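Beneath this line is the structure, given in structure tokens, with notes to follow.
Indexing begins at 1, ligand by ligand and atom by atom, following the structure's order. Values reported hereafter were calculated over all heavy atoms of this structure, with side chains retained and with hydrogens, waters and symmetry mates removed. What you are looking at is a predicted structure, and each value in this text was computed from that prediction instead of being measured.
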Amino acid sequence: MSTAIKQYKRVTVKSLVEMKANNEKISMLTAYDYTMAKIVDGAGIDVILVGDSASNVMAGHETTLPITLDQMIYHASSVIRGIDRSLVIVDLPFGTYQGNSKNALDSAIRIMKESGGHAVKLEGGSEISESISRILTAGIPVMGHLGLTPQSIYKFGTYTVRAKEEEEAQKLKEDAKLLQELGCFALVLEKVPAKLAQEVAESLSIPVIGIGAGGGVDGQVLVTHDMIGMTHEFSPRFLRRYLDLYSEMTKAFQQYISDVKSQDFPNEQEQY
Ligand code: KIV
């Protein structure tokens with residue numbers, strides 16, 4: 001059955017809530033630089049996340065903890081220059097919003113002012129409710145993030161599926177409700193059982209975007225470098241690879257090296 005999909009000239013936080021109400025699934029991918037943002041936006045993605053996964057993907061850190069606010073602003077401002085239509089959400093990095101709501105507001109304001117991003121994302125539930133409320137008072141849209149929250153990796157100890165046990169599932173459901181009540185426009189659910197994710201999505205009016213959370217939520221997000229196969233060490237079950245760019249790029253680089261060594265490149269037409 002085909003349903004008419006509303007065309008959005010620019011996607012806003014309101015568009016996402018409308019998409020959920022219209023049963024249109026929301027598409028979201030990460031980008032950290034101008035060139036990738038231009039391609040992803042041009043392809044028609046609804047939301048671009050300038051994720052703190054830049055810490056892993058762009059900088060090669062083992063966790064998302066080291067990335068700084070200045071570095072996130074650099075990535076986000078590059079992305080903003082590449083987009084025409086997508087909503088751009090920027091992660092507040094570790095240490096810039098937990099514990100002190102004044103710091104949280106200052107960090108969010110810097111993101112909005114210096115990068116031109118459209119919204120911020122924070123990891124956590126009740127423990128960061130004060131920070132979320134304070135950011136919202138400045139008119140800055142906030143996306144929540146529950147389930148596997150990579151900034152807390154040293155508390156969890158592993159990147160395995162979260163909220164499999166009743167107690168943690170209950171806390172997640174309460175946190176999701178709280179985030180909606182506080183005024184978050186959407187939330188990400190990462191690596192939780194599909195049944196739980198669907199239950200949360202059905203209980204909320206704001207959209208729930210899943211990563212490793214099954215198909216019963218309101219949209220999906222993946223890390224772009226993973227889904228186009230530029231990274232190849234990371235193969236979680238939820239990841240669908242649409243390209244194998246690691247192999248394709250390796251072949252291209254090897255061909256170039258060979259062409260330079262053999263003096264096949266540059267040829268007569270490739271010089272002045
Ligand atoms: O930083 C990121 O890329 C994220 C997604 C995995 C949701 O938070």
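Close approach of ligand 1 to Gly51 (heavy-atom distance below 4.0 Å) involves ligand atoms 1 (O), 2 (C), 3 (O). Within the listing of ligand 1, atoms 3 (O) sit less than 4.0 angstrom from a heavy atom of Thr30.
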- For Gln71 and Thr68, run side chain to side chain donor-acceptor pair (under 3.5 Å): C-alpha distance rounded to whole Å, both residues' side-chain angles, the deciding distance at 0.1 Å, then the answer. CA-CA 5 Å; Gln71 287 164 341; Thr68 65; 3.3 Å; yes
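Remark: Arg162 qualifies as a cation-pi partner of Phe156 under the 6.0 Å distance and 45° angle criteria applied to the six-membered ring.
Polar contact with ligand 1: absent for Glu190 (N/O pair, distance under 3.5 Å). For a threshold of 3.5 Å applied to N or O pairs, the pair formed by Asp91 and ligand 1 contains at least one separation below that value.
Using 4.0 Å as the threshold, His145 has a heavy atom nearer than that to some atom of ligand 1. The closest approach between any non-hydrogen atom of Met28 and ligand 1 is not below 4.0 Å.
Looking at Ile128 and Tyr97, their side chains come closer than 4.5 Å, going by heavy atoms from C-beta outward. Using a 4.5 Å cut-off on side-chain heavy atoms (C-beta onward), His118 and Ile89 make no contact. No side-chain heavy atom of Arg10 sits under 4.5 Å from any side-chain heavy atom of Ser15. Asn22 has its side chain out of reach of Met19: every pair of non-hydrogen atoms, C-beta onward, lies at least 4.5 Å apart.
Shortest contact from atom 2 (C) of ligand 1 to any protein heavy atom: Ser53 OG, 3.3 Å. Considering only non-hydrogen protein atoms, atom 8 (O) of ligand 1 sits nearest to Lys121 NZ, 2.9 Å. At the shortest separation from atom 6 (C) of ligand 1 among protein heavy atoms lies Ile211 CD1, 3.8 Å. The nearest heavy-atom contact from the protein to atom 7 (C) of ligand 1 is Leu49 CD2, 3.7 Å.
Here Thr64 has no heavy atoms under 4.0 Å from ligand 1, in either its backbone or its side chain.
There is a side-chain donor-acceptor pair under 3.5 Å between Gln180 and Ser205.
Between the side chain of Ser77 and the backbone N or O of Ile73, at least one donor-acceptor pair lies under 3.5 Å.
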